[in-house]
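Here's the structure, in structure tokens; my notes come after.
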Amino acid sequence: MTPPPVKHYLQFSDLTADEYDYLLGRAALIKRKFKAYEKHHTLNDRTLAMIFEKASTRTRVSFEAGMYQLGGSVVHLTSEGSQLGRSEPIEDTARVISRMTDIVMIRTFEQARIEQFAQYSRVPVINGLTNEYHPCQILADIFTFIEHRGSIRGKTVAWIGDGNNMANTWAQAAALLGFTLRVATPRGYEVDSQLATLDSGGGGQRGWQDFSDPRAACAGADLVTTDVWTSMGYEAENEARKKAFADWCVDAAMMRAAKPDALFMHCLPAHRGEEVTAEVIDGPQSVVWDEAENRMHVQKALLEYLLLGRLA
């Protein structure tokens, strides 16, 4: 089999709607086999390098377990335990790691850092999270929605909270996959238009609507979703953010404003009583545990696709 050209996954817009149709379908097949205890070793003898410059629970477990389930192996690297946190130029690190492994996942701070790594990598690079984007999480969220409610095309998603990497990625996904995104943020915490606008294949298409009232954003929504108010790296702003976001806690009233069968999602970890009440995240409309598990299944499909292309 001739391997496909090197393709990176650094933000949601790096793939087309058609590629997402394939990936989501493939993830469903992979999950069915996983639940039936059927082997699915399409990546035998392949090695994934995981580079963590930000701490992780779900990203590490989902990628590591997923790669082993595909028959491959994993190398785990951190800034503290490698030259990444020292003086070696990132382009040299990329050149070396990509000669020894088959694919790389990076969880880091600035998007520019992962883009620089990818520029010098001979193998595919996956964004496991940056300050600007979190494409694997949104891929899992969309897969979860499809499992519970069918196609997301034409549906309405309400994002409540910070205009962060999750909101940026939801905006790209909405423009690419044809659903409506309503973003409700406090003043000063809006989505960065330059980051959220879909440029790749979308002609600069804007994929969201701004709301100043979170309950209005939830009105008639099919999905309500949020994230912590203070993302990793912004801890110094924590107290100011708690005050600014006081009215942005997703509670039962917001969920009542949405459709009766609306889902609730959160990428986790969650702070009950801050961005969401316990009543909502632990309630019947919440699918956060399916959402968390599905990171593994969609990432397995992604790893497979970046290394092998489309499989019959």
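Predicted, not measured: the structure shown is a model, and the values here were computed from it. The figures that follow rest on heavy atoms only: side chains count, while hydrogens, waters and symmetry mates do not.
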Is there a side-chain contact between [X] and [Y] (heavy atoms, below 4.5 Å)?
X      : Y      : result
Lys155 : Leu223 : no
Val191 : Trp159 : no
Phe12  : Asn168 : no
Gln209 : Thr156 : no
Arg241 : Asp162 : yes
Leu195 : Gln11  : no
Glu147 : Asn294 : yes

Given Leu263, which of Asp222, Asp290, Val287 fulfils the side-chain contact (heavy atoms from CB on, under 4.5 Å) condition?
->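 Result for side-chain contact (heavy atoms from CB on, under 4.5 Å) with Leu263: Val287.
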Picking from Ile152, Ile142, Asp141, what satisfies side-chain contact (heavy atoms from CB on, under 4.5 Å) with Val157?
->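 Going through Ile152, Ile142, Asp141 one by one, the side-chain contact (heavy atoms from CB on, under 4.5 Å) with Val157 is satisfied by Ile152 alone.
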Does the distance from a Lys or Arg side-chain N to an Asp or Glu carboxylate O, for Lys35 and Glu293, drop under 4.0 Å?
->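 A salt bridge is present here (some side-chain N lies under 4.0 Å from a carboxylate O).
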Does Arg310 pair with Asp18 as a salt bridge, N-O distance under 4.0 Å?
->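 Judged by the 4.0 Å cut-off on N to carboxylate O distance, Arg310 and Asp18 do form a salt bridge.
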How close do [X] and [Y] get, heavy atom to heavy atom, and via which atoms?
X      : Y      : value
Phe63  : Ile126 : CZ-CG2, 3.9 Å
Phe245 : Gly161 : CE2-C, 3.4 Å
Ala217 : Ala184 : CB-CB, 3.8 Å
Tyr133 : Thr169 : CA-OG1, 3.5 Å
Asn127 : Leu10  : ND2-O, 2.9 Å
Cys136 : Gln299 : CB-OE1, 3.5 Å

Hey, any chance [X] and [Y] share a hydrophobic cluster, counting ILVMFWY side chains that come within less than 4.5 Å of each other, even indirectly?
X      : Y      : value
Leu177 : Ile138 : yes
Met105 : Leu139 : yes
Val125 : Leu129 : no
Leu29  : Ile146 : no
Leu307 : Ile30  : no

Any chance you could measure [X], atom [atom1], to [Y], atom [atom2], to the nearest 0.5 Å?
X      : Y      : atom1 : atom2 : value
Met100 : Arg95  : CE    : CZ    : 14.0 Å
Cys218 : Arg256 : SG    : CZ    : 12.0 Å
Ile281 : Asp251 : CD1   : CG    : 13.5 Å
Met254 : Phe264 : CE    : CZ    : 10.5 Å
Leu306 : Leu23  : CG    : CG    : 7.5 Å
Glu110 : Glu115 : CD    : CD    : 11.5 Å

Between [X] and [Y], a side-chain donor and acceptor under 3.5 Å:
X      : Y      : result
Glu91  : Gln116 : yes
Asp227 : His134 : no
Thr130 : Thr108 : no
Thr144 : Glu291 : no
Asn165 : Gln137 : no
Arg187 : Ser212 : no

Please check: side-chain N/O of [X] versus main-chain N/O of [Y], any donor-acceptor pairing under 3.5 Å?
X      : Y      : result
Thr101 : Ser98  : no
Asp92  : Pro89  : no
Arg182 : Ala219 : yes
Tyr22  : Leu311 : yes
Thr197 : Ser193 : yes
Ser121 : Phe117 : no

Can you list the steps and then say if Arg46 with Met67 is a side-chain contact (heavy atoms from CB on, under 4.5 Å)?
-> CA-CA 9 Å; Arg46 301 297 184 101; Met67 191 64 180; 3.8 Å; yes
Is the number of heavy atoms from other residues, nucleotides or ligands within 6.0 Å of CZ (Arg149) greater than 12?
->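 For Arg149, atom CZ is crowded (more than 12 foreign heavy atoms under 6.0 Å).
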Give a yes or no on whether Asp45 atom CG has more than 12 heavy-atom contacts from other residues, nucleotides or ligands under 6.0 Å away.
->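 Open: at most 12 neighbouring heavy atoms sit under 6.0 Å from CG of Asp45.
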Would you sort out whether Lys7 and Leu15 count as a side-chain contact (heavy atoms from CB on, under 4.5 Å), showing the intermediate values?
-> CA-CA 9 Å; Lys7 178 187 282 289; Leu15 299 181; 3.6 Å; yes
Side chain to side chain donor-acceptor pair (under 3.5 Å) with Glu279: which residues, sequence neighbours excluded?
->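 Expected list: none.
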With sequence neighbours excluded, residues passing side chain to side chain donor-acceptor pair (under 3.5 Å) with Tyr20 |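 If we apply the side chain to side chain donor-acceptor pair (under 3.5 Å) test to Tyr20, skipping adjacent residues, the hits are Tyr9.
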Going through the distances and angles, do Trp229 and His271 end up as a side-chain contact (heavy atoms from CB on, under 4.5 Å)?
-> CA-CA 9 Å; Trp229 291 340; His271 299 151; over 6 Å; no
Criterion side-chain hydrogen bond (donor to acceptor under 3.5 Å, both in side chains) against Lys33, the qualifying member of Gln69, Glu38, His297, His40 |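 In the set Gln69, Glu38, His297, His40, the residue that makes a side-chain hydrogen bond (donor to acceptor under 3.5 Å, both in side chains) with Lys33 is His40.
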Assess whether side-chain contact (heavy atoms from CB on, under 4.5 Å) is satisfied between Phe145 and Met265, documenting all intermediate values.
-> CA-CA 9 Å; Phe145 184 89; Met265 292 188 192; 4.0 Å; yes
